[in-house]
Structures are given as C-alpha cells and as structure tokens.
Amino acid sequence: MAALPSLYNTLTRQVEPLVPVRSGEVGVYCCGPTVYDVPHAGHARAALAPDLLVRRLRALGVKVKYVRNITDVDDKILERAARDGEEPLALSNRMATIYREQIRATGCLAPDHEPRVSEHVPQICDIVQRLVARNAAYVVELAPGVRDVYFAVRSFPGYGKLSRRKVDELVAGARVETNAHKRDPLDFALWKGAPAHEWGWESPWGRGRPGWHIECSAMCTHYLGQPFDVHAGGMDLIFPHHENEIAQSEAAYPDQAPLARIWMHNGFLNIDKEKMSKSLGNFVTVGDVFERNDPEALRYFFLTAHYRGPIQFDSEKLADGRVVFPGVDEAERRMDHAFSALLRLNGMVNPNLTVPAKLGPELLGYRDASVRAVKEAEAALDDDLNTSVALAALAELTRLGHELVDSAAKKKKDAGFVAGASAGAQFVLTGMYRIGGQLGLFQCEPEAYRTRTRTRRLRLRGLTAAAIDAKLEERTAARKAKDFAKSDAIRAELAALGVAVHDGGDKSDWTIEQ
RNA sequence: GGCGCGGUAGCCAAGCGGUUAGGCAACGGUUUGCAAAACCGUCACACGUCGGUUCGAAUCCGAUCCGCGCCUCCA
C-alpha cells in the first residue's frame with residue numbers, strides 16, 4: 001500500500017506519519033458542534049480538516065471510518081430552549097439538521113456515524129461507572145437521590161500531556177470553577193444530577209445529564225475502539241476538553257492507552273483580527289455566507305490557508321449597503337475560473353472522434369503536466385494537508401485547460417490537432433477532477449455551478465435575466481446595424497450593474513459579477 | 001504568570017538550509033469594431049529588527065519588537 005499521509009500531532013508537537021492501529025483501516029473522530037444555534041463559519045472550517053484527511057485516505061484506497069458527533073445535550077441548549085419555549089431535543093434536532101446540510105454543502109462528506117449524546121447515555125454511564133470503580137471518579141450526594149459525579153484529576157498522572165500544562169500551575173491560575181462539592185478545584189463533572197422535573201436521564205446515580213467531556217470519550221471509543229487513530233477538533237478544545245477526554249478514557253482503560261494516536265487541531269477563523277465566536281457576538285453564520293457566496297467558494301477560501309493557521313474572514317460594507325466577504329469573493333472568482341475551464345474542456349471532448357494512436361509531443365505535454373499536477377497536489381496533501389500547494393497545482397492545470405481550449409480554437413482547421421485535443425482535454429479534465437475530488441471541490445456540474453451562481457448574483461443585485469437579455473437583444477441589433485455608439489452605451493450601462501457582456505461572433509453572452 | 005501560534009513583495013498565502021510557490025490587484029501585450037473572457041509578460045533576488053552559526057539562511061541558534069490564541073463555555 002502507498003505511504004499514508006503525515007500529520008501534525010498536537011500530542012508530540014511534530015509532523016509524523018499516520019500509522020494505523022489496524023493496518024489498512026483508519027478511524028477518525030471529529031468533535032462536532034453543540035447544537036443550540038445555527039453553525040457559524042468557524043464550524044464549517046473545523047469540519048474541513050478531518051474531511052480532507054478522510055478524502056485523501058479514501059483516494060489512497062484506505063478503509064476509513066469517520067465519526068463526527070453532535071452534542072445535543074448541554075446546558076446552553078436547555079437555556080436556549082427554555083427561552084424560546086421549545087423542547088430541548090426539538091431545538092437541538094432542528095439545529096443538527098441545519099448543521100448537517102450546511103456542512104455537506106461546503107463539500108464535507110457525511111460522516112459514517114453522527115452520534116448524539118441523547119442516544120448514548122448508556123455508554124456514558126458505563127464509562128463513568130468504570131471510573132468510579134477504579135477510584136478515578138467520586139460521587140457526591142447533593143440532595144436525596146440527586147448526585148453529581150466528578151473526575152479526580154490528580155488521580156490521573158498523565159493529566160496535562162496534551163496541552164503541556166502542569167496540574168499545580170493550573171491551580172495557581174485560579175481560573176477554575178469553584179464548587180463546594182468538588183474535592184479538588186480541578187476536578188470536573190462527569191455526571192450532573194438533576195431534580196425530577198428537569199431535563200435528564202436515569203442513571204446509576206439518579207436522574208441527571210452527562211458532563212460535556214465524557215460524551216466524547218464514550219462515543220469515540222464506542223464507534224472506533226480504543227486506541228484509535230485520529231481525533232480532530234478546534235484548537236480551543238485542546239484544553240480542557242481533549243485533555244479531559246484523554247484523562248477519562250485512559251484512566252478507564254489504562255491498558256488500552258493512548259485514547260488516540262494523533263490529535264489534529266485546526267486554527268481559528270478570525271473576523272477583524274479577533275476570534276470569531278458566539279460569546280464575542282461577532283460571528284458570521286454559514287447561512288450568511290451562503291446568502292452572498294457559493295458554498296464551493298467558501299471551501300476554496302478555507303483551502304487557501306493551511307488548516308492549522310488562522311484565517312482572516314473579513315466583511316466589508318459597500319457604499320450601496322451590501323455586506324460582502326472579500327476573501328470569499330476572491331475565492332469565488334477562482335471557482336468561476338476553474339469551473340469555466342471544466343465547462344470549456346467538456347465542450348471539447350468529442351466522443352465521436354477516435355483518439356489518435358500516437359499523440360504529438362504537444363498533446364503529450366498536456367498529459368504529462370496533468371500527471372505532474374496530480375502528483376504535486378497529492379504529495380502536498382500527504383504533507384500535513386498542505387492545501388495551499390495543492391490549490392497551486394490545481395490552478396496550474398486550470399490555466400493549462402484554458403490554454404488548450406484557446407489553442408484548439410486557433411487551430412480549428414487542423415483536424416488532426418482537434419481530434420488529439422479532445423484527448424488532451426480528457427487528460428486535463430481527469431487531473432482537475434482528481435485534485436478537485438480530494439479537495440472536495442467540483443461537487444456539482446459546471447453548468448449547475450454557473451446557473452446557481454448567476455441566480456444568486458442576480459438576486460443580490462436586484463436584477464433579472466430577462467431584463468438583461470432584453471438589453472442584450474437591443475445591443476445585438478445595434479451591432480448588426482454597426483451602431484457601435486449605442487452598442488457601447490448599452491454595454492457601459494450593463495457594466496455599471498455588474499454585468500459583463502461577451503461578444504462572440506454573431507451572438508453575445510453575459511456574466512454577472514459577485 | 002504558564003502554554004502556544006504568527007510577522008514573507010500593494011493585498012492574501014505556501015516554502016522552513018542552496019534550485020519558479022500560487023492567487024488577487026496594478027501595468028504592458030496577444031485577441032477584439034471597442035471591450036469582456038482566456039492566454040503571455042512585468043511588478044518579484046520579498047521574507048519584523050539586531051546579532052550569531054554556515055561556503056551559503058526567509059529557512060538553524062540567541063536576543064529583541066510587534067500581533068494573536070488558550071489557560072472559563074467555545075470549532
């Protein structure tokens with residue numbers, strides 16, 4: 001089997017080759033969202049890195065089991081639901097559906113399993129019981145029949161190994177939650193008791209709800225076993241969430257340590273130099289982006305930067321009041337460019353032409369360039385998912401595709417070249433789709449992309465295709481009559497609306513800007 | 001205070017000891033009635049600052065200045 005990708009491991013702080021626990025099979029777990037609200041752009045970015053890994057591994061022929069959880073039981077969900085007079089699980093279910101659909105739209109594969117806390121309470125209780133039995137956790141009775149369970153942090157010697165923190169320094173920081181029931185301020189809740197009238201589940205400790213960290217420990221190992229290969233999530237989860245997961249799982253099953261071999265963490269999406277987050281109130285939702293940009297453009301935008309670094313997501317208010325996302329706009333122009341190459345190349349592929357047995361050196365050049373670009377992109381992805389370099393390889397092929405179409409148009413009287421160019425187009429198309437597929441781009445047909453971006457841009461600019469077509473007809477008539485003054489005036493008028501006219505022979509077409 | 005990340009040409013962003021990153025913008029060209037799109041070329045011997053190691057440093061080491069994140073719920 002081909003060598004597997006290398007990944008940066010937060011645990012060792014270096015890039016290392018992925019060595020599966022079980023040969024030929026890789027388990028990936030990604031910490032999904034707490035679904036008390038619609039997803040923001042940062043959530044979309046977090047789903048990307050594990051998706052790229054899964055795509056690359058599958059392209060290499062590796063069997064992958066990909067699990068991404070949904071936290072549908074949480075105090076925030078309870079608060080939001082109470083505020084809006086909705087059942088907590090109805091709220092989280094509604095939000096989970098939006099999350100799933102929007103993340104899928106950004107080109108992320110559906111996970112093989114999408115476990116929810118509400119459906120894994122028995123597994124959670126199992127691991128908590130095990131921790132209590134091993135004296136790594138203790139039960140505190142708050143009221144008759146109402147009990148909390150806490151994890152005893154100091155009972156786990158490896159605590160801090162992921163985040164490189166020392167237990168005593170954490171205490172000195174004094175920013176830990178004080179709670180009279182805890183034996184040690186560092187201890188965290190595994191199970192939170194709840195009175196009978198409150199949202200909860202029955203457990204060996206009475207009614208209550210699971211703590212945040214324990215759910216992931218329970219669900220990741222339930223689906224992937226312990227140890228498993230890759231655990232992913234946002235950088236803010238390193239401490240305390242992932243540190244606590246490690247402590248719980250490794251304390252529960254010390255002979256099956258580590259919990260996960262590689263811990264991969266994606267960087268943040270910043271807005272105006274600040275981390276985008278709900279608590280800061282500066283978030284842009286995925287829905288906000290989809291209003292203005294194509295989902296593929298959002299993905300392309302994420303791919304321009306390395307997943308571990310921060311990415312600047314800026315918004316700008318135009319004079320006409322429209323809010324735009326310049327970075328995503330630029331990415332969308334790149335998608336336009338790539339999709340238009342695909343469209344033009346598709347138009348060149350002629351199934352009725354027999355591919356010449358011997359291709360000239362010019363066309364062999366296209367084949368070689370295509371093969372080279374794919375190799376470069378794959379090598380880049382194997383080096384800790386270097387999407388920026390993979391995108392450069394894709395851009396090179398895109399450019400080559402346009403060039404091929406241009407030269408075929410110039411040599412259209414040369415039947416031999418045209419027949420061969422069809423084969424050349426196939427080479428370039430294959431390369432582009434091969435790279436695009438591993439990056440999660442080109443999720444729809446080029447025609448569909450053109451239609452949907454055009455529709456959206458018309459709506460954003462308050463225009464209709466019919467009105468533009470009418471203007472264009474008027475202009476075509478003027479051109480036929482050699483009334484270039486009028487023709488140019490109409491073009492200027494359309495240009496002012498963001499519509500560019502393209503003249504080709506006797507008929508004209510138009511495109512609309514973002 | 002502890003842990004960690006980053007400062008690369010006008011902008012975004014790879015590279016991380018020697019050989020072109022890539023994109024956007026701008027400008028010139030091919031093309032066009034004029035344009036647009038596409039392609040070609042230029043801007044680009046750029047790498048926060050100061051020292052050091054080296055035949056050679058954006059890349060390694062030290063110091064220093066900025067910016068940011070985590071240490072409390074967060075992707």
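Every value quoted in this text rests on a predicted model; they were computed, and no experiment measured them. Just so it is clear, the values below take in all heavy atoms, side chains as well, and ignore hydrogens, waters and symmetry mates. Numbers restart at 1 for each chain; the letters A, B, ... are given by sequence-line order, proteins then strands.
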Undergrad: To the nearest 0.5 Å, what is the distance between CD on Gln248(A) and CD on Glu245(A)?
TA: 7.0 Å
Undergrad: Decide yes or no, distance alone: a donor-acceptor N/O pair under 3.5 angstrom between the base of G23(B) and the side-chain of Arg333(A).
TA: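 Per atom types, no contact qualifies.
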Undergrad: Name the nucleic acid region contacted by Ser487(A), choosing base, sugar-phosphate or nothing; use a 4.0 angstrom heavy-atom cut-off, strictly under.
TA: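 Base, at least one base heavy atom under 4.0 Å.
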Undergrad: Using the C1' atom on both, measure G41(B) against U31(B) and round to a whole Å.
TA: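 Comparing C1' positions in G41(B) and U31(B) gives a spacing of 15 Å.
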Undergrad: Which of residues 375-388 of chain A sit near RNA chain B, with a heavy atom under 4.0 Å from it?
TA: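 Heavy-atom contacts with RNA chain B come from Asn386(A), Ser388(A).
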Undergrad: So which protein N/O to nucleotides 4-10 of chain B N/O distances come out below 3.5 Å?
TA:
none

Undergrad: Centre-to-centre under 6.0 Å for Phe188(A) and Tyr150(A), is that the case here?
TA: no
Undergrad: Do the numbers put Arg45(A) on top of the ring of Tyr307(A), so that NZ or CZ is under 6.0 Å from the six-membered ring centre and no more than 45° off the axis?
TA: no
Undergrad: Looking at A38(B), A21(B), C40(B), which one has an atom nearest to any side-chain atom of Arg344(A)?
TA: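 Within the option list, the nearest is A38(B).
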Undergrad: For His402(A), check ring pair (Phe, Tyr, Trp, His ring centres under 6.0 Å) against everything at least two apart and list the hits.
TA: His337(A)
Undergrad: From the options A14(B), G33(B), C24(B), select the nucleotide whose nearest atom is closest to the side chain of Glu330(A).
TA: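 For the Glu330(A) side chain, the nearest candidate turns out to be C24(B).
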Undergrad: Less than 3.5 Å apart, any donor N or O on the side chain of Asp294(A) or Thr453(A) sitting next to an acceptor on the other?
TA: no
Undergrad: Expressed in whole Å, how much space separates the C1' atoms belonging to G18(B) and G51(B)?
TA: 23 Å
Undergrad: Mapping Ala305(A) and Leu400(A) to their closest nucleotides on RNA chain B, which lands nearer the 5' end?
TA: Ala305(A)
Undergrad: Could you tell me the separation between the CG atom of Asp236(A) and the C1' atom of C70(B), rounded to a whole number of Å?
TA: 8 Å
Undergrad: Just checking Leu391(A): base, sugar-phosphate only, or nothing, at a heavy-atom cut-off of under 4.0 Å?
TA: nothing
Undergrad: Which of the following nucleotides, C73(B), A38(B), G2(B), is nearest to the side chain of His402(A)?
TA: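 Looking only at heavy atoms from C-beta outward on His402(A), the closest nucleotide is A38(B).
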Undergrad: Give a yes/no verdict on base stacking between G33(B) and Phe484(A): centres under 5.5 Å, planes within less than 30° of parallel.
TA: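 Check passed, Phe484(A) stacks on base of G33(B).
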Undergrad: Of the listed nucleotides (A75(B), G22(B), G33(B)), which one gets closest to any side-chain atom of His40(A)?
TA: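 Nearest listed nucleotide: A75(B).
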Undergrad: Could you state the atom-to-atom distance from CZ of Phe188(A) to P of C73(B) in whole Å?
TA: 11 Å
Undergrad: Let's test your reading of the model: under 3.5 Å, does the base of G69(B) pair with the side chain of Asn270(A) as donor and acceptor?
TA: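 Checked by distance alone, the answer is no.
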Undergrad: Using a 4.0 Å heavy-atom cut-off, does His337(A) contact any base of the nucleic acid, only the sugar-phosphate backbone, or nothing at all?
TA: sugar-phosphate
Undergrad: Using the P atom in both, what is the distance from A58(B) to A9(B), to the nearest Å?
TA: 14 Å
Undergrad: Could you tell me how far apart Trp263(A) (CH2) and A75(B) (P) are, to the nearest whole angstrom?
TA: 16 Å
Undergrad: Using modelled atom types and a 3.5 Å cut-off, is there a donor and acceptor pairing between side-chain atoms of Glu215(A) and backbone atoms of Val117(A)?
TA: no
Undergrad: What contact category does Arg475(A) fall into here, base, sugar-phosphate, or nothing, at under 4.0 angstrom with non-hydrogen atoms?
TA: base
Undergrad: Could you give the distance separating G48(B) and A57(B) at their C1' atoms, to the nearest angstrom?
TA: 16 Å
Undergrad: Is any side-chain heavy atom of Gln14(A) closer than 4.5 Å to a side-chain heavy atom of Asn9(A)?
TA: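 When only atoms from C-beta onward are counted, Asn9(A) and Gln14(A) do not touch, as no gap falls below 4.5 Å.
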Undergrad: Measuring only the C1' atom in each nucleotide, how far is C16(B) from A46(B)? A whole number of Å is fine.
TA: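 Pairwise C1' distance, C16(B) against A46(B), rounds to 15 Å.
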Undergrad: What integer distance in Å separates Tyr300(A):OH from C12(B):P?
TA: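 After rounding, the gap between these two atoms is 17 Å.
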Undergrad: How many whole angstroms separate atom NZ of Lys507(A) from atom C1' of A36(B)?
TA: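 Distance, rounded to whole Å: 16 Å.
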Undergrad: With the side chain of Glu169(A) defined as its heavy atoms from C-beta on, choose the nearest nucleotide among G2(B), A36(B), C70(B).
TA: G2(B)
Undergrad: Please tell me whether Gln438(A) and Arg56(A) have a donor and an acceptor in their side chains that are separated by less than 3.5 angstrom.
TA: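 Short answer, yes.
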Undergrad: Taking the C1' atom of each, how far is G17(B) from U59(B), in whole Å?
TA: 6 Å
Undergrad: Whole angstrom is fine here: how far is it from CG in Asp406(A) over to P in U32(B)?
TA: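 It is 12 Å, rounded to the nearest whole Å.
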Undergrad: Select one nucleotide: of A75(B), C40(B), G33(B), the one nearest the side-chain heavy atoms of Arg399(A).
TA: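 Within the option list, the nearest is C40(B).
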Undergrad: Answer yes or no on whether Arg13(A) is positioned over the face of Tyr8(A), meaning its NZ or CZ is under 6.0 Å from the six-membered ring centre and within 45° of the axis.
TA: no
Undergrad: Check the distance between C12(B)'s C1' and Glu316(A)'s CD and give it to me in whole angstrom.
TA: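 That distance rounds to 14 Å.
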Undergrad: Distance only, no hydrogens: is a donor on one side chain within 3.5 Å (strictly under) of an acceptor on the other, for Asn244(A) and Tyr159(A)?
TA: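 A pair is found: one side chain offers a donor N or O, the other an acceptor, under 3.5 Å apart.
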Undergrad: Quick one: is the NZ or CZ of Arg475(A) closer than 6.0 Å to the six-membered ring centre of Trp510(A), and within 45° of its axis?
TA: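 That pair does not qualify as a cation-pi contact.
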Undergrad: Given a 3.5 Å cut-off on both pairing distances, which stems involving RNA chain B, each at least three consecutive Watson-Crick or G-U pairs, are present, if any?
TA: B:1-7 with B:65-71, B:10-12 with B:22-24, B:26-30 with B:38-42, B:48-52 with B:60-64
Undergrad: Who pairs with His502(A) by ring pair (Phe, Tyr, Trp, His ring centres under 6.0 Å), at least two apart in sequence or on another chain?
TA: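 Counting only residues at least two positions away or on another chain, His502(A) forms no ring pair (Phe, Tyr, Trp, His ring centres under 6.0 Å).
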Undergrad: Classify the nucleic acid contact of Arg334(A) as base, sugar-phosphate or nothing, counting any heavy atom under 4.0 Å across all strands shown.
TA: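 Since only primed, P, OP1 and OP2 atoms lie under 4.0 Å of Arg334(A), the category is sugar-phosphate.
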Undergrad: Is any NZ, NE, NH1 or NH2 atom of the basic residue among Arg479(A) and Asp503(A) found under 4.0 Å from an Asp or Glu carboxylate oxygen of the other?
TA: yes
Undergrad: At 4.0 Å (heavy atoms only), tell me whether Lys482(A) reaches a base, stays on the sugar-phosphate, or touches nothing.
TA: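 Lys482(A): no heavy atom of the nucleic acid under 4.0 Å.
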Undergrad: Rounding to an integer number of Å, can you tell me how far Lys486(A) NZ sits from G33(B) P?
TA: 21 Å
Undergrad: Provide the distance between the two C1' atoms, one in U53(B) and one in A21(B), to the nearest whole Å.
TA: 28 Å
Undergrad: Please confirm whether the shortest side-chain N or O distance from His502(A) to OP1 or OP2 of A37(B) is below 4.0 Å.
TA: no
Undergrad: Give one of base, sugar-phosphate or nothing for His265(A), where a contact means two heavy atoms less than 4.0 Å apart.
TA: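 It contacts nothing in the nucleic acid.
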Undergrad: Under the rule for ring pair (Phe, Tyr, Trp, His ring centres under 6.0 Å), what residues qualify as partners of His265(A), not counting sequence neighbours?
TA: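 Applying ring pair (Phe, Tyr, Trp, His ring centres under 6.0 Å) to His265(A) gives His242(A).
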Undergrad: Whether the side chain of Ser487(A) engages the backbone of Asp483(A) through a donor-acceptor N/O pair (distance < 3.5 Å, no angle test) should be reported.
TA: no
